[in-house]
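Quantities reported herein were computed from a predicted structural model and do not represent experimental measurements.
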Amino acid sequence: MIIFKDMNMMPVYELPFKAAFLIFIMFSMVGWISEVLYVGIFHEHKFVNRGFLYGPLCPVYGFGGVVILLLPPVLYETWIPLFLASMVLCTIVEYFVSWFMEKMFHARWWDYSHYKFNIKGRICLLNSVLFGFMGLGVIRFVYPQMLRFLNWLGDFVVMVSADTIGVILTIDIFFTVRKLVDFSSTMEKIKEFGESLRDHYGNETWFRSESIEEMLASVKEHAAEGKDLINQSILEKIDRIQNARHTAAESFMAHFPTMKSIQYKDEFEHLKSRVKARVKAHLGK
């Protein structure tokens, strides 16, 4: 398998599938490293796994890199046309991925609403410009080196590596989906409990129903005053909700600081406030 010869780059769609898959994986790893360095270390001054998966991959970068390589080879030797094409194409990919993940998981995983010139918080001009420069870097420098690297590995190693990584990625996706299910289940349980509290105490003057946080606090405060007998099982459940460690939710919040839940807005904000309180208490020790 010769995929790089005499400085002529073979388009990604002409590569053997397993070689193209490894190209996707390499882009995903480079994206993960970039996210960890930029957000986790330079901004938060600590290591934060910025990937959606457990492993060191950001698939959106993998898709973005491969999409750039789908551009017509005639653009490879240009500068401005390649920059603009990469900018537009990757912006479309980012918008679609954001929309797809929101529809699939009822959550907004990143939000650029605080940036100027954004569209629904899914994409922004700053990122689009960076995508343009990324396209230049990918075509001019990164992709040729990737092809050389795959040639150096040889057919057998490429095949075995692609198969092994494919299996690991499948397992990773399985456990990530399970974590998403746990996350949604936690949100649903909190939502159902909040609705049951509204059914029981919605007409009481002391009951505050503005948010989950307010509902739980008002019931506990009223129980402490001893004016009415509050079912002990309800108080125990409130304590469990307020003190439980929701690892799946905490993990997603750590990976995606601007994450927002579409279906469980109030419930997610409750968990977010509990996580922040726990972190603050830990730092205060």
Side-chain angles (χ1 to χ4, degrees), residues 27-28 30-53 57-65 67-68 83-135 176 179-180 183-184 186-188 190-191 194 210-214 246 248-280:
F27 278 129
S28 299
V30 169
W32 181 85
I33 292 170
S34 300
E35 287 282 337
V36 169
L37 290 175
Y38 180 72
V39 178
I41 297 177
F42 297 148
H43 281 236
E44 299 188 17
H45 308 295
K46 63 179 180 179
F47 173 80
V48 177
N49 180 1
R50 288 282 294 164
F52 180 73
L53 303 171
L57 299 174
C58 280
V60 67
Y61 284 87
F63 287 117
V67 161
I68 289 173
F83 174 88
L84 295 176
S86 301
M87 178 178 171
V88 171
L89 205 54
C90 288
T91 299
I92 292 173
V93 170
E94 185 176 40
Y95 188 95
F96 173 77
V97 170
S98 173
W99 173 85
F100 177 77
M101 292 181 69
E102 182 177 319
K103 296 301 178 184
M104 282 289 293
F105 306 119
H106 308 292
R108 178 73 65 85
W109 300 92
W110 59 83
D111 186 7
Y112 301 133
S113 298
H114 55 293
Y115 287 106
K116 291 182 178 180
F117 310 111
N118 72 86
I119 299 179
K120 297 183 178 180
R122 302 184 193 279
I123 56 177
C124 66
L125 181 60
L126 175 61
N127 270 26
S128 296
V129 171
L130 292 176
F131 289 148
F133 286 112
M134 183 177 74
T176 299
K179 184 168 67 171
L180 280 167
F183 171 71
S184 296
T186 298
M187 298 293 102
E188 184 62 29
I190 295 176
K191 183 177 182 178
E210 294 82 7
S211 66
I212 287 290
E213 198 76 23
E214 287 292 317
H246 303 288
E250 290 182 26
S251 174
F252 286 130
M253 291 175 197
H255 294 191
F256 301 93
T258 60
M259 176 184 176
K260 296 178 181 178
S261 177
I262 305 301
Q263 187 172 356
Y264 305 105
K265 292 181 180 179
D266 188 25
E267 292 75 22
F268 183 77
E269 288 303 315
H270 165 73
L271 286 187
K272 204 170 185 179
S273 67
R274 303 307 301 179
V275 170
K276 287 182 178 179
R278 188 177 295 114
V279 171
K280 187 176 181 180

Enquirer: Measuring from L125:CG to L130:CG, what's the distance to the nearest 0.5 Å?
Expert: 9.5 Å
Enquirer: For a quick test of reading the model, state the closest non-hydrogen atom pair linking C58 to W32 and the distance between them.
Expert: SG-CA, 3.7 Å
Enquirer: Apply the test side-chain contact (heavy atoms from CB on, under 4.5 Å) to residues K120 and W99: give CA-CA distance (whole Å), side-chain angles for both, the deciding distance (0.1 Å), then the verdict.
Expert: CA-CA 10 Å; K120 297 183 178 180; W99 173 85; over 6 Å; no
Enquirer: Could you tell me whether the side chains of S211 and E269 share a donor-acceptor contact shorter than 3.5 Å?
Expert: no
Enquirer: What is the distance from atom CG of D266 to atom CE of M187, rounded to the nearest 0.5 Å?
Expert: 10.5 Å
Enquirer: Nearest 0.5 Å, please: how far is CG in N118 from CG in D111?
Expert: 7.5 Å
Enquirer: How close do L180 and W109 get, heavy atom to heavy atom, and via which atoms?
Expert: CD2-CH2, 3.5 Å
Enquirer: Determine yes or no for a side-chain-to-main-chain donor-acceptor pair under 3.5 angstrom, with T91 supplying the side chain and M87 the backbone.
Expert: yes
Enquirer: Please find the pair of heavy atoms, one from G64 and one from C90, that lie closest to each other, and give the distance.
Expert: O-SG, 3.8 Å
Enquirer: So does H270 get a backbone contact from the side chain of S273, meaning a donor-acceptor N/O pair under 3.5 Å?
Expert: yes
Enquirer: Main chain of M259, side chain of W110: is a donor-acceptor contact present, judged purely on distance under 3.5 Å?
Expert: no
Enquirer: Kindly compute the distance separating CD1 (I212) from CZ (F268), expressed to the nearest 0.5 Å.
Expert: 14.5 Å
Enquirer: Locate the shortest heavy-atom distance separating F131 from S86; write the atom from each residue and the value.
Expert: O-CB, 3.8 Å
Enquirer: Could you check R108 against S98 for side-chain contact (heavy atoms from CB on, under 4.5 Å), going step by step and ending with a plain yes or no?
Expert: CA-CA 7 Å; R108 178 73 65 85; S98 173; 3.9 Å; yes
Enquirer: Does some side-chain heavy atom of L271 sit less than 4.5 Å from a side-chain heavy atom of E267?
Expert: no
Enquirer: Looking only at non-hydrogen atoms, find the nearest pair between E102 and R122 and report the distance.
Expert: OE1-NH1, 3.1 Å
Enquirer: Is it the case that over 12 heavy atoms from other parts of the model lie below 6.0 angstrom from the CZ atom of F63?
Expert: no
Enquirer: Looking at K179, I'd like to know if its NZ atom is crowded, meaning that more than 12 non-hydrogen atoms belonging to other residues, nucleotides or ligands lie closer than 6.0 Å.
Expert: yes
Enquirer: What is the minimum heavy-atom distance between G121 and S113, and which atoms define it?
Expert: CA-OG, 3.6 Å
Enquirer: Nearest 0.5 Å, please: how far is NZ in K116 from SG in C124?
Expert: 13.0 Å
Enquirer: Answer yes or no: does atom CD1 of I119 have more than 12 heavy-atom neighbours from other residues, nucleotides or ligands under 6.0 Å?
Expert: no
Enquirer: Are any of the side-chain heavy atoms of Y112 and F117 separated by less than 4.5 Å?
Expert: no
